[in-house]
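The structure appears below as C-alpha cells.
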Amino acid sequence: MPSIETRGLTKRFGDDFVAVDDLDLTVEPGEVFGFLGPNGAGKSTTINMLLDFVRPTSGSISVLGRDPQTEQRAVRDRIGILPEGYSLYDRLSARKHVKFAADLEDCATDPDTVLERVGLADAADRTAGGFSKGMAQRLALGMALVDEPDLLILDEPSSGLDPNGARTMREIVRAEADRGATVFFSSHIMEQVEAVCDRVAIINDGELVTVDTVDGLRSAEDATTTLVLTVDDIAVNPTFTDIDAVAGVRRDGGTLRVDCTDPAAKAQVIAAVESTGATVTDIDVEETSLEEIFASYTAGDAVKGQP
Amino acid sequence: MSRAALTIARRDFADAARSKFLWGVTAVLIVATLPAFNGLLGSQIIDDAADAAAFIPLSFEFYVTPLAMIAAYRSVVGERSSGSLRLLFGHPVTRRDFVLGKTLSRITLVVTVLLIATAALAAAIFAAYGELPLLLLVVVAAYVAAYGAVMTTLTVGVSAAAETRLQSLTGMLGLFLVFGPFRLWNDLAIPAAALLFTGSTSPGISQVDPGTWPTWYLYVQRLNPMETFTMSHGFVAGLVDSTSGSVGDTTVQLFGFCVLLAWATVPLTLGFRRFDHADLD
C-alpha cells in the first residue's frame with residue numbers, strides 16, 4: 001500500500017484558475033520523496049489537499065491507505081506535518097507546545113528530548129511569541145515528530161532556516177527515513193531535494209512534469225557531460241564523427257567544449273584530440289547540474305531559484 | 001466529546017487565563033454592574049434580599065452578549081486565520097473536535113466571568129440585607145450562566161461560519177444591534193410580524209402595557225434571545241421563590257426556553273457545517 005496515492009487530483013479556485021491539474025502521484029512506504037516546483041506551481045495546494053485543509057475539485061487521495069477527508073482522525077494519528085502558513089501560540093512555551101502535541105497524540109513523549117533533537121533545548125521555556133522564523137520552524141518540526149509518525153509531510157521545510165538549521169532538518173529527515181517513516185517534502189530549490197531524496201517529482205503550473213530518482217533525472221535525455229579541453233595548438237581541428245556519444249563541439253581559441261551524452265566517451269574524445277598531434281594541457285568536466293535540469297523542466301518561470 | 005476536543009479546550013482556556021483577559025473583563029463587568037445594582041438595594045424597587053437576587057439577571061441584560069462576543073468571536077476564525085489550526089491537523093484532531101473544544105473552553109470562560117460577577121452582586125445583597133437567599137441565588141446564577149452559554153455558543157457558530165475575524169465581529173455586532181438595546185427588533189421584526197398576523201403594521205400595541213398584547217405578540221417577542229432572557233427572569237425566580245417571581249403564562253415561558261435552546265444549537269450547527277465544508281487556506 002503506497003503512503004500517498006493521488007489519482008486525477010484536480011483543484012480549481014474560482015472558474016478560471018487551476019492550481020492542481022489531474023495529478024497522479026504515488027509515494028512508496030519508506031522513501032524520501034521530494035516534491036519540487038517553482039513558487040506557485042501547486043505544491044502547497046497539493047499538500048493542503050493531502051492534509052484535508054483544502055478539498056479537491058475532483059480526483060481521489062489516499063494517505064496511508066485512507067481517505068484524509070472522511071477519516072480525518074485516523075490519517076492524522078499517523079502523520080506528522082510541517083505545513084505552510086502555520087503559526088504557533090504566542091503565549092505558550094516551546095516545551096508546552098510539544099507537550100500539547102503529545103497530549104493530542106495521547107503519548108508519553110518527553111518534550112525535552114524532542115526539543116534537544118531539533119536544537120531548541122536552550123529555548124524550551126521561552127514563549128513562541130518571540131521566536132524567529134527558523135526557531136518556529138524547528139519547533140513545528142519537533143511537534144510533527146511526536147509519536148513517531150509513519151508519514152511526514154513537510155511543506156518547504158528549509159524555509160527560514162539558516163545553514164545549520166537546514167543541516168539539522170536534513171539529518172532528521174534521514175533519521176526518520178532510517179526509522180522506516182516515509183518523508184514527503186516540497187521545495188523550490190533542487191539542491192535541498194538532491195541531498196536527501198530517493199525520488200523526485202517535478203511539478204509546474206499544476207501539472208506533474210516528471211517523476212524519477214535523482215540519478216535518473218541526471219541521466220535523462222538532455223542531461224549531458226561537457227568536456228572542456230585546453231589544447232596547446234589552436235589550429236588543431238579534430239573530428240569526432242566516429243564517436244556516437246558526442247553531441248556537439250564548440251571551440252573558443254584553444255578551448256574545445258565537447259558535449260557527451262555518455263560520460264564514458266571522455267577518453268575516446270581525448271584520444272581523438274591527441275591523434276591530431278596536439279597536446280591536451282588541461283581537462284575540465286562540466287556536469288549538467290540538477291538545477292539546470294529543473295530549470296529546463298520548468299522553463300519560462302521567472303521566480304525559480306529564489307532562496 | 002472526544003479526548004482531542006477536551007485537550008484543545010484545556011489549552012485554549014489556559015491560554016485565555018494566561019492572557020489576563022479573563023480578569024480584565026471580569027473587573028469591567030463588575031464595575032459596570034455593581035454600583036448601579038448597589039444603588040437599587042434598599043430603594044423602593046427592591047423589597048428584600050430575595051427580590052434583589054431575582055433582579056440580578058436584569059443587571060447583566062446588555063452585558064452578556066458583548067461579553068460572549070469578546071470572548072468568542074475569534075474562537076474558530078482566529079486560529080483559522082493565524083494558521084495555528086494547521087499544526088493541530090497533524091495530530092488526531094477532526095474539524096468537529098476543534099469546534100467542540102473551542103465551544104467548551106469559551107463557554108467555560110464566559111460562565112466563569114459571569115459567576116464571579118454574580119458573586120460580587122450577591123456580596124452586595126448580603127452587605128445590604130445581612131442575609132442571602134441561597135437557593136434562589138444558585139438558580140439565578142445558573143440562569144445567568146446558561147444564558148451566557150447560549151450567547152457564547154451562538155458566537156462560536158458565527159465564528160465558525162466566518163472566513164475572517166472581521167466577518168465574525170460584524171456578524172455578531174449585527175445580531176447585537178438587532179436584538180439588543182437599539183430596539184431594531186421592535187422597529188422591524190414586530191411590525192413585520194404584526195402585518196403577518198393582523199394585516200396591519202401598527203395594530204395598536206403599546207410596548208409598555210402588557211394589557212394590549214395579543215397572543216402572537218407574546219411569542220414573537222420571545223424569538224429575540226435577549227428579550228427572552230429578561231422576560232423569563234421572573235419565571236425562573238418564581239420556580240423557587242414565589243414572592244420574588246411571577247410564573248406568568250407557562251406555555252409562553254417554555255416557548256422562550258425552546259427559542260434559547262434553538263439559538264444555542266442551530267447557529268453552531270450551521271456554522272460548523274460551513275466550517276466543515278470550507279477550504280482552510
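So that the names make sense, note that chain A is the first sequence line, chain B the second, and so on, each numbered from 1. All figures in this text were calculated on a predicted structure; none of them were measured in a lab.
The pair Glu5(A)-Arg7(A) meets the salt-bridge criterion, since a charged nitrogen lies less than 4.0 angstrom from a carboxylate oxygen. For the pair Arg3(B) and Asp106(A), the salt-bridge criterion is met [side-chain N within less than 4.0 Å of a carboxylate O]. The residues Asp21(A) and Arg12(A) are annotated as not salt-bridged, no charged nitrogen and carboxylate oxygen being separated by less than 4.0 angstrom. Looking at Arg179(A) and Glu176(A), a side-chain N of the basic residue comes within less than 4.0 Å of a carboxylate O on the acidic one, giving a salt bridge. For the pair Asp15(B) and Arg18(B), the salt-bridge criterion is met [side-chain N within less than 4.0 Å of a carboxylate O]. Using a 4.0 Å cut-off between charged nitrogen and carboxylate oxygen, Asp279(B) and Lys11(A) count as a salt-bridge pair.
Heavy-atom neighbours of chain B within the stretch residues 127-162 of chain A, taken at a separation under 4.5 angstrom, comprise Ala140(A), Met143(A). Listed by sequence position, Glu79(B), Ser82(B), Gly83(B) are the residues of residues 60-83 of chain B in contact with chain A, using a 4.5 angstrom heavy-atom cutoff. Within residues 94-104 of chain A, the residues that have a heavy atom under 4.5 Å from a heavy atom of chain B are Lys96(A), Phe100(A), Ala101(A), Asp103(A), Leu104(A), listed by number.
Contacts of Asp276(B) with chain A are made by both backbone and side-chain atoms, with heavy-atom separations under 4.5 Å. For chain B, the nearby parts of Tyr86(A) are the backbone and the side chain; heavy atoms of each come within less than 4.5 Å. Neither the backbone nor the side chain of Asp90(A) comes within contact range of chain B; no heavy atom of the residue lies under 4.5 Å from a heavy atom of that chain. Glu84(A) touches chain B through backbone and side chain together, each having a heavy atom under 4.5 Å away.
Taking the six-membered ring where the residue is Trp, the centroids of Phe229(B) and Trp263(B) are separated by 6.0 Å or more. Aromatic pair Phe184(A)/Phe35(A): centroids less than 6.0 angstrom apart.
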| query | Given Asp52(A) and Arg55(A), is the salt bridge (charged side-chain N to carboxylate O under 4.0 Å, His left out) satisfied, shown in steps? | reply | CA-CA 6 Å; Asp52(A) 190 46; Arg55(A) 303 272 159 75; 2.6 Å; yes
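Pairing each heavy atom of Pro92(B) with each of Asp97(B), the nearest pair is O-OD2, 4.1 Å. What you find for Thr153(B) and Ala264(B) is that their closest heavy atoms are CG2-O, 2.9 Å.
Heavy-atom pairs under 4.5 Å with chain A peak, among Ala4(B), Ser19(B), Ala278(B), Ala14(B), at Ser19(B).
Residues forming a side chain to side chain contact (heavy atoms under 4.5 Å, CB included) with Ala74(A) (at least two apart in sequence, or on another chain): Arg66(A), Glu71(A).
Note on ring orientation: taking the six-membered ring where Trp is involved, the planes of Phe275(B) and Phe272(B) are tilted (angle from 30° to 60°). In this pair, Phe89(B) and Phe98(B) present their aromatic rings perpendicular. The plane angle is above 60°, beyond the 30 to 60° band.
Rounded to the nearest 0.5 Å, atoms CG (Asp67(A)) and CD (Gln72(A)) are 9.5 Å apart.
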